[in-house]
Amino acid sequence: MDFLCELVQGLVALAAAALIVVFIIAHVTAGMVNLVRHEKEKYFLTATGEKELFPSLHDPHSRELSVVIPAYNEELRMPVMLDEAMEYLENRQRQHPSFTYEVIVVDDGSKDKTTEVALQYMRKYGADKLRVLTLVKNRGKGGAVRMGTLSSRGKVILMADADGATKFADIEKVEASLHNLDPKPENMAISCGSRAHLEKESVAQRSLFRTFLMYGFHFLVWFFCVRGIADTQCGFKLFTREAALKTFSSLHVERWAFDVELLYIAQCFQIPIAEVAVNWTEIEGSKLVPFWSWLQMGRDLIFIRLRYITGAWKLESPRKTN
């Protein structure tokens with residue numbers, strides 16, 4: 001009996017020590033919000049080859065909509081998405097001449113011809129409608145989305161994946177959902193596209209192991225960070241300009257789990273969040289490596305919560321980029 005008590009006490013002490021070590025590691029390895037730009041990232045090219053300075057999210061809006069597209073090695077998949085998006089946006093502008101928009105393609109340090117492909121569309125539509133922000137080095141999807149968002153002019157800002165997995169016309173669904181939130185008086189609101197309605201079908205098509213990873217990730221999201229959002233990872237989210245400034249100014253995670261921290265920050269600030277089902281199709285060529293990417297995201301989820309608890313990370317006041 002004494003041996004059993006000593007064993008339990010030893011295990012409890014070991015668990016406590018492990019928890020302390022995790023807290024220390026989370027605190028010591030916590031990176032700060034990185035809003036610093038390389039000099040080359042401050043400018044975009046016009047159709048005549050001239051360089052112009054990107055605007056700031058701190059400036060008043062001058063377009064109805066900004067679409068931010070993070071792209072890493074997307075020379076093959078991106079044209080299909082851009083064709084669909086530009087056709088929709090151009091038709092909408094023809095039908096409603098007062099509607100104005102811009103598309104910002106953020107090349108996240110690609111090794112292929114992503115920038116060159118995006119610049120072809122810029123020359124076709126003009127730099128007032130499509131701009132290319134090329135990052136000097138790879139920051140991760142979250143870092144790319146943030147840099148594009150901080151360079152945008154829209155009253156509302158849509159982040160959309162370069163693979164075109166979500167039907168672009170479904171922007172009308174997330175817009176309606178955003179409007180229904182009634183974001184006044186501070187004009188803070190976020191509307192998230194969701195694939196949760198497709199979960200049963202995806203489970204049937206996935207292996208048992210991938211299904212286990214998916215549900216494990218959902219549990220970690222719910223337990224550590226975000227509650228009330230069924231699909232935090234869909235790359236189709238619409239922000240009011242004010243909500244984008246508030247949330248992206250505090251974002252630390254720049255890779256796959258950035259969506260979770262973004263929504264965690266929004267819930268901390270009590271920003272209204274809506275979720276609406278969108279049409280989504282899995283596109284070949286995903287950069288997500290099932291096991292290692294889920295493992296990295298799981299680690300990030302735990303560290304997100306621990307770093308805010310320990311004070312290593314704090315919710316930031318919006319400030320301009322350098």
Side-chain angles (χ1 to χ4, degrees), residues 22 25-38 41 68-74 77-78 104-112 114 133-151 157 159-163 165-166 190 192-193 195 210 213-214 216-226 229 231-237 239 244 247-266 283 285-308 312-313 315-316 321:
V22 170
I25 292 173
H27 192 88
V28 171
T29 60
M32 294 298 101
V33 174
N34 181 14
L35 300 180
V36 178
R37 292 176 185 246
H38 189 280
E41 298 170 354
V68 176
I69 304 171
Y72 178 69
N73 293 341
E74 292 288 3
R77 299 196 301 176
M78 187 171 62
I104 302 174
V105 176
V106 186
D107 181 347
D108 189 21
S110 297
K111 298 176 182 178
D112 66 356
T114 294
L133 169 55
T134 302
L135 302 184
V136 172
K137 64 178 182 178
N138 177 264
R139 297 180 72 125
K141 183 180 176 182
V145 172
R146 173 167 49 198
M147 288 296 110
T149 300
L150 294 176
S151 306
I157 301 162
M159 64 175 247
D161 287 344
D163 61 2
T166 304
I190 300 171
C192 303
R195 305 158 298 177
R210 290 192 67 181
L213 289 176
M214 180 186 73
F217 178 77
H218 288 174
F219 173 76
L220 290 176
V221 169
W222 174 86
F223 187 78
F224 285 106
C225 299
V226 177
I229 305 296
D231 182 8
T232 58
Q233 301 308 109
C234 181
F236 204 72
K237 293 181 175 68
F239 302 78
T247 53
F248 280 98
S249 294
S250 287
L251 184 69
H252 300 82
V253 177
E254 292 197 319
R255 297 201 176 272
W256 295 112
F258 84 96
D259 303 76
V260 177
E261 190 195 357
L262 207 60
L263 294 174
Y264 174 80
I265 292 166
I283 307 296
S286 172
K287 308 299 185 300
L288 199 68
V289 181
F291 178 74
W292 294 111
S293 295
W294 288 107
L295 195 65
Q296 181 187 33
M297 285 193 285
R299 180 205 64 189
D300 286 344
L301 293 179
I302 296 170
F303 277 13
I304 286 170
R305 189 59 184 270
L306 291 181
R307 284 165 176 165
Y308 278 108
W313 287 352
L315 298 176
E316 303 281 344
T321 57

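Everything numeric here is computed off the predicted structure, so don't read it as measured data.
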I'd like to know if Lys141 pairs up with Asp161 as an ion pair, taking the criterion as any Lys NZ or Arg NE/NH1/NH2 lying under 4.0 Å from an Asp or Glu carboxylate oxygen.
yes

Go through the structure and list residues passing ring-ring contact (aromatic ring centres under 6.0 Å, His included) with Tyr308, not counting sequence neighbours.
His252, Tyr264, Trp313

What is the distance from atom OG1 of Thr114 to atom CG of Asp107, rounded to the nearest 0.5 Å?
5.0 Å

CH2-CD1 distance between Trp222 and Ile229, expressed to the nearest 0.5 angstrom
15.0 Å

Sorted by chain and number, sequence neighbours left out, side chain to side chain donor-acceptor pair (under 3.5 Å) with Asp108 holds for Asn138

Shortest non-hydrogen pair, Leu301 vs Phe224, comes out as O-CB, 3.9 Å

Rounded to the nearest 0.5 Å, what separates atom SG in Cys192 from atom CG in Asp259?
8.5 Å

Residue pair Val106 / Val145, side-chain heavy-atom distance below 4.5 Å
no

Checking Glu41 now: which residues fulfil salt bridge (Lys or Arg N to Asp or Glu O under 4.0 Å) with it, not counting sequence neighbours?
none

Pairing residues for Asp300 by the salt bridge (Lys or Arg N to Asp or Glu O under 4.0 Å) criterion, not counting sequence neighbours
none

Kindly write out the residues that satisfy side chain to side chain donor-acceptor pair (under 3.5 Å) with Asp163, not counting sequence neighbours, or none if the list is empty.
none

State, to 0.1 Å, how close Met78 and Ala71 come at their nearest heavy-atom pair, and which atoms those are.
SD-CB, 4.0 Å

Do you know which two heavy atoms are closest between Leu251 and Gly142, and how far apart they sit?
CD2-O, 4.1 Å

Calculate, to the nearest 0.5 Å, the distance between atoms CZ and OG belonging to Arg146 and Ser250 respectively.
9.5 Å

Sequence-distant partners of Lys111, side-chain contact (heavy atoms from CB on, under 4.5 Å), two or more places apart:
Tyr72, Asn73

Is any side-chain heavy atom of Leu262 closer than 4.5 Å to one of Phe239?
yes

Side chains of Glu74 and Ile69 in contact at under 4.5 Å (non-hydrogen atoms)
no

Judged by atom type as modelled, is there a donor-acceptor pair below 3.5 Å linking the side chain of Asp231 to the main-chain atoms of Arg195?
yes

Results of side chain to side chain donor-acceptor pair (under 3.5 Å) for Ser151 - residues two or more places apart only
Arg37

Go through Lys237 and Ile157 one step at a time and tell me if the side chain to side chain contact (heavy atoms under 4.5 Å, CB included) criterion holds.
CA-CA 8 Å; Lys237 293 181 175 68; Ile157 301 162; over 6 Å; no

Looking at every heavy atom in both Ala244 and Thr149, which two are closest together, and how far apart are they?
CB-CG2, 3.9 Å

Tell me, please, which residues at least two apart from Arg305 pass salt bridge (Lys or Arg N to Asp or Glu O under 4.0 Å).
none

Pairing residues for Thr134 by the side chain to side chain donor-acceptor pair (under 3.5 Å) criterion, not counting sequence neighbours
Thr115

Correct closest heavy-atom pair for Pro70 and Ala160 would be CD-O, 3.4 Å

Do you know which two heavy atoms are closest between Leu135 and Ala144, and how far apart they sit?
CD1-CA, 4.0 Å

Calculate, to the nearest 0.5 Å, the distance between atoms CE and CZ belonging to Met159 and Phe258 respectively.
3.5 Å

Rounded to the nearest 0.5 Å, what separates atom CD in Glu261 from atom CD in Glu254?
10.0 Å

